Every structure is written in C-alpha cells, then in structure tokens.
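Encoded as structure tokens, the structure appears first; notes follow it.
The shown structure was predicted, so the numbers you read here are calculated from the model rather than taken from an experiment.
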Amino acid sequence: MSILDHIKSAVATAVSQLYATPTEANAVQVNPTPSEFTGDYTIVIFPFVRAAKKAPEATGAEIGAYLQENMPFVKGFNVIKGFLNLEISNTWWLDFLADMNNNADYGRQPRNGRKVMVEYSSPNTNKPLHLGHVRNCLLGWSCSQILDAVGYDVVKVQIINDRGVAICKSMYAWLTFGEGKTPESEGIKSDHFVGDYYVLFENKSRAEYAAWQDTDEAKALFASRTKTELTEKEFFGEYKNKWFNTHSKLGAEVRDMLLKWEAGDPDTVALWQQMNNWVYAGFDTTYHRMGVAFDKLYFESNTYLLGKDLVEEGINKGIFYQKEDSSVWIDLTDAGYDHKLVLRSDGTSVYITQDLGTARMRYEDFGAEKVVYTVADEQNYHFSVLFEILKRFEEPYAAGLYHLSYGMVELPHGARMKTREGTVVDADDLMDEVERLAKEASAEKIAELSPEEQQDTIQKIGLAALKFFMLRVNPRKRMVFNPEESVELLGQTGPFIQYSFVRTHGLMKRVSAEQIDMSNFNGYTDILPIEKELLKALYEYPAAVQQAADEYDPSHLASYCYNLAKEFNRFWHDVKVMSAETPEARAFRLQLSKATGKVLESGMKLLGIDMPERM
RNA sequence: GGUCUCGUAGCUCAGUGGAUAGAGCAUCCGCCUUCUAAGCGGACGGUCGCAGGUUCGAUCCCUGCCGAGAUCACCA
C-alpha cells in the first residue's frame, strides 16, 4: 500500500470519526504539494467542510492534527485556505530511497497472469514504411512494453496486408518494365525497389488517365455530368476510381493479375512471393533499426477468406439479416451506427468480415483477454462497428477490445503524405537524417570513443530524438511533422533526457572507480527542498507507468521522464554531489542520482528509447 | 447533413473539478578557474475557441454555437 493510499484511508477515517460522516478513501483528493508551499502532500479539504460544519481552515487543522497523531510518518502540517499540507518525515523518505534502490524492478508490477495482444504496424507490402508507420510502430511497441511493465503477458502481432490490388500494381509494373532487375542488381534496399515499381505503375496510370481525358468519350461524360458545379479537374478527380475499374487498360491488367492470384496461378503466385519476400527483407531491416519486433505475424493472404462462418452464425443468432439479393447486413442503428454490410451479394467477404474472423482466430491462437489495435484514426468508425459486432457475438474478449487510434502525421501546410505525389517521408530516410544530425552534434564530445561506440551512441541519440518527438504527443492528436523540429536535440527532447541519464551514469562510474561508500546516506537528516522535489518525482514513477497503461498512452510516461530529467538537472545545478559538505550528504545525493538514473533508463526503455553511457 | 476527435502563450505541446494555468522553441538578459553548459535561472508572452448551465469552486463536467480534421462504400 502506498503512502498516498495510507493518507487517503486515514483521512477517510478521520472524517468518519470526527464528523460522524462515513467517507470513502477514494473520495479523498491528495496531490503533491506545489513547491511554493511548505509540505509534501496536500489534501483538499473543501469536500469535508459540509460534514464538519466548520470553516475550511478549522476543518483542515482538525484533520491535520488527527493525521499527525495517528500516522507515524506525518511529521507536521499546515493549512492554507482549504488545503491541508502534510510534511512527511525524512526517515520515511530515506526508507523509500533505500527500498527503491534495492528494487531492481521499481515501477514494474508483478505478473498478473493476464494476456493482452497488441497489433501494430500492419503495413501493405507494395511500398516501404513511411512516417505514419513510424508513429504506429513507436506507439504499438511502447504500449506493449508498458503493458508488460504493469504485469500483462503481451503478444505483439502485425497483420501483413500482402494481397490485393496494391501489390499487384507493383508486380505488374516489375513484370512489364522491370527487365529482370533485382534489388541486388540495382543496389537498392529491397522494399524500396518494390515501392519504386508501385510508383512507376501510378505514373503510367496517371499518364493513361490524362490521355483518356482528351478523348471524345471523356469529354462527353464531363459535359453530361449531373453535378454541374464541378470543374473539369474536380470531376475527373472524383471519377478516377471508376475510370480505373471500367476504362483503364492498366486497371484491367491488374485486376486480371489479382484474379490469377486468387485462382492460384503458379507464375503469378511465384512472382507475388518474390515481390513480397523483397519487401519483408526490407521491412525487417527497418524494424530492427527502429527497435521494434513481433511475436507472431499474420498474413492477409491467409486471413482474407475468414469470417464467413461467423456470418452464418450471426444469421442464426439473429444478429445479422439477409437481403433478397442475399447480401448480409447488421442493423446497428440502435447503437448509433448505420446498417453495415458484412457479406456481399456475390457471397464474398468485405474487410470487416475478415476482421471478425481474424479476431476469433487470434483468440483461439492465444486466448488474450484484451486486444489493442494500433490503427490510424481514419478507421475509428470501422473499429467501433467491429467491436460492437463482436460484443453482440458475446465473444469472451469483447470487453477488452481497444482501438489505439492515432492522428495522421501531416506535413507542414496541412498536406497529407501521398506516395503518388512523392510527398511521403520515408522511414529509412528519416532515421538517416536524425542520425546525421546526432552525429553533427556529438562528434567532438565523443571523439575519444571507439568508432563502434561512437556509431552506437549516435544511433541512440538520433533515434531518441525521433521517438520522443512522436511519443510525447497524445496519440489522438494529429501531428504536424516539421522535419527541422523533429530532430531537435535541445529542450523538451529525448537527448535532453539522455543527457541527464549520462550525468547520473558518470557519477556511478566514479563511485565504482573510486570505491566511494554510498551506504551511510541514512545519516543525512536535513533533506533540501530541491532534493525533496526529486524524491517526490521518483515516487511518482509507478503511477506514471500505470496511467500510461490504463490509458494506452505513452505520452504520459514521456512527460514524466522529461519532468524527472528536468528536476535532476536542477538538482545537479543547485548542489554538489561528489564534493558534498559531508560524507552523508554525498552518499545521499549519490543514492538519489542512482535512483534517478535507474528510473530514467527504465522509463525511457518503455518508450523504446535506449540510453547512451556518454554523449 | 449524421457521428466521432481536436481547439490552452507567436509556434509545438503538457495539465487538473481546487491555491497565481505550465514546459519547450522563438526573442531578450544573466550563469562555466568548481561532478559534462546537449545544462541552470530570469524577462517577455494567455479572454484555456465563443455563449449558457451544474458546482462552494469549471480550462476540466453538461448543452448549444463557431473553427479544424476524420468518417458515414457490395474499398482496404
């Protein structure tokens, strides 16, 4: 039981006894005391003045006296307006510091025996990973680490969208224009190689469309448009998909290829394998560099036919209904959604059918009671519907479904990233760039390290900048990706936190090199305000991890790490550690530094960020 | 049009039913003979989108409006 829980329950008892008003412990508000007031923790008294029938000050004084009387670690208190500020005894803080440094798992909860699946990344295989995938991967990875830290067994999965029109475009372009080239022959990273053919296809297609727009047929179509307010450009913009499916020669070729693939045509399947293998090899490199990994891969080519048995089950259970054309639907109007198609009239599945089937299959595979889907917010509606349907099926995991929805990463000026327009920010390029800047900034400072160590340090710094930039923002929010700011190394950044860690690490190296005794810190009695602030920040760590887990939101943890680092830097600036006034003060400050280093390293690890030893 | 999300300093973002709403960047001013200045401090900067309501107390909860985005396919 934490000290805050003790305080809450003691306040509840006090109110119950003093004012004969039964009060729940969780109705008591306790906050860290702001530094401009005296005290460590503050109880908000306003809620109890009605029961006390006294002024807030008098009520606070009575409760304060009760707490001081009954709680050994409450050393004193003061009341300002409706706020009761408690002072916690130094011995309690010293014990806390000792316990924390003896606990290798500070901030981690014991295993709870429960299982959660986290799905993230889930790319298409027709092109390399870009900035949006980076945000996705960092969120998914960090959430899985955080859930692990609070006790869950986490299964990290991705579902690879390896089939469909998109990959066929790359396949067709390579087959038609590739002249047998390979990533090896061209010296191009293999996923980029495949992506280049996708872009090539889109270029050819665009040219075909432009030429078609000059035909009499197209002109007649434009002249006969019903929405007369549309300009020619707008009209043909809207018409593009229709054209691709009805007029385009390239479109016909791709559809033909998809049909062959579905029929299992050996040449087509072999080509598909080849293209996908190139892409996977490239993805693996990128994932590895990004520091993310998966426990199990699902492939859409294996799951896209799933879910039909659920359709039948749904009809039998009365969850779904069938129309005369034999298409199958669900009426979700009572839940605030619309009627939703779950099976086409030709009997083929749609996206949500697959997802229903995949959900059940994965439960059969792992039995996870919670499933986190890390998918961009453009699919909010889809997941609301999916979860609602699974709830109506009374799937055992239905209550544990969560859509970790995140806002699109936009380019400055509100532009969305589009492969066809060449406005994507490529994940590999991005990592190159942050490392280049990290190298620029670090070169002199780490010059005496070995080349390998230098490279390692630079990678850690660059990735920290990128990862922290993306994870410190609440996932729900759209974020504007400004290339210059994202790789900033000063201020509220990953490298700032790394730098604070490096300071603690430097102290610990001296402790072992000079065999400094850190054990007599208990003799330090007059804890300074700056030291107390640091202790309070350290104390908050488990709660920060828990909040990040409860809300599936690593940004809470990112804020926490930044605040702790900031606090440590203030401490570092204000007091001497190695040359402290007394051996006890030195021991105490070293213990504090050690604890800070531990928490920073562990907290950042949960964000997927590694610490360098020097920088 | 319906639904959902977002709106806090010039910019990027935190934040909580409670004390004077906080950081970073930018601008300006200080601080390295002292454990790494990738640091620390200070100044400047706010009608917490607008209007009502609930409350002892609202930036936070509720309603309406305004603005931005997403979505509402027999696409994935």
Base, sugar-phosphate, or nothing for A/Asn85, non-hydrogen atoms under 4.0 angstrom?
base
Quickly work out the A/Leu356 CG to B/A76 P distance and round it to whole Å.
14 Å
Partner of B/G52 by Watson-Crick or G-U wobble geometry, both contacts under 3.5 Å, or none?
B/C62
Quick check on RNA chain B: between A/Tyr381 and A/His556, whose nearest nucleotide comes earlier from the 5' end?
A/His556
Closer than 4.0 Å, any side-chain N/O of A/Trp572 to the OP1 or OP2 of B/A37?
yes
Under 3.5 Å, is there a donor-acceptor pair linking the side chains of A/Ser301 and A/Asp162?
yes
Aromatic ring centroids of A/Tyr351 and A/His382 under 6.0 Å?
yes
Is the shortest side-chain N/O distance from A/Arg503 to OP1 or OP2 of B/U36 below 4.0 Å?
no
Identify whether any heavy atom of A/Pro47 sits under 4.0 Å from a base atom; if not, whether one sits that close to sugar-phosphate; answer base, sugar-phosphate or nothing.
base
Using a 4.0 Å heavy-atom cut-off, does A/Tyr351 contact any base of the nucleic acid, only the sugar-phosphate backbone, or nothing at all?
base
Once you apply the 3.5 Å cut-off to both distances, tell me the Watson-Crick or G-U wobble partner of B/C13, or none.
B/G22
What does A/Ile461 touch in the nucleic acid at a heavy-atom separation under 4.0 angstrom: a base, only the sugar-phosphate, or nothing?
base
Do any side-chain nitrogens or oxygens of A/Arg50 fall under 4.0 Å of OP1 or OP2 in B/C56?
yes
Distance below 4.0 Å between A/Asn569 side-chain N/O and B/G39 OP1 or OP2:
no
What nucleic acid atoms does A/Val165 come within less than 4.0 Å of, heavy atoms only: base, sugar-phosphate, or nothing?
nothing
Residues in residues 558-566 of chain A with a heavy atom under 4.0 Å of RNA chain B, by number, are A/Ser559, A/Tyr562, A/Lys566
Return the nucleotide paired to B/A43: Watson-Crick means purine N1 to pyrimidine N3 with N6-O4 or O6-N4, wobble means G-U with N1-O2 and O6-N3, both under 3.5 Å.
B/U27
Expressed in angstrom and rounded to an integer, what is the separation of A/Ile497 atom CD1 from B/G39 atom C1'?
14 Å
Please report, rounded to the nearest Å, how far the C1' atom of B/A38 is from the NZ atom of A/Lys445.
5 Å
Classify A/Arg614 by what it touches in the nucleic acid, base, sugar-phosphate, or nothing, heavy-atom distance under 4.0 Å.
base
Across the strands shown, which category fits A/Lys576 at heavy-atom distances under 4.0 angstrom: base, sugar-phosphate, nothing?
base
Please determine if a side-chain N or O atom of A/Lys81 lies less than 4.0 Å away from the OP1 or OP2 oxygen of B/U20.
yes
Does A/Thr42 contact B/A19 through a side-chain donor or acceptor facing the base, at a distance under 3.5 Å?
yes
All N/O contacts under 3.5 Å from nucleotides 9-12 of chain B to the protein, with atom names and distances to one decimal?
none

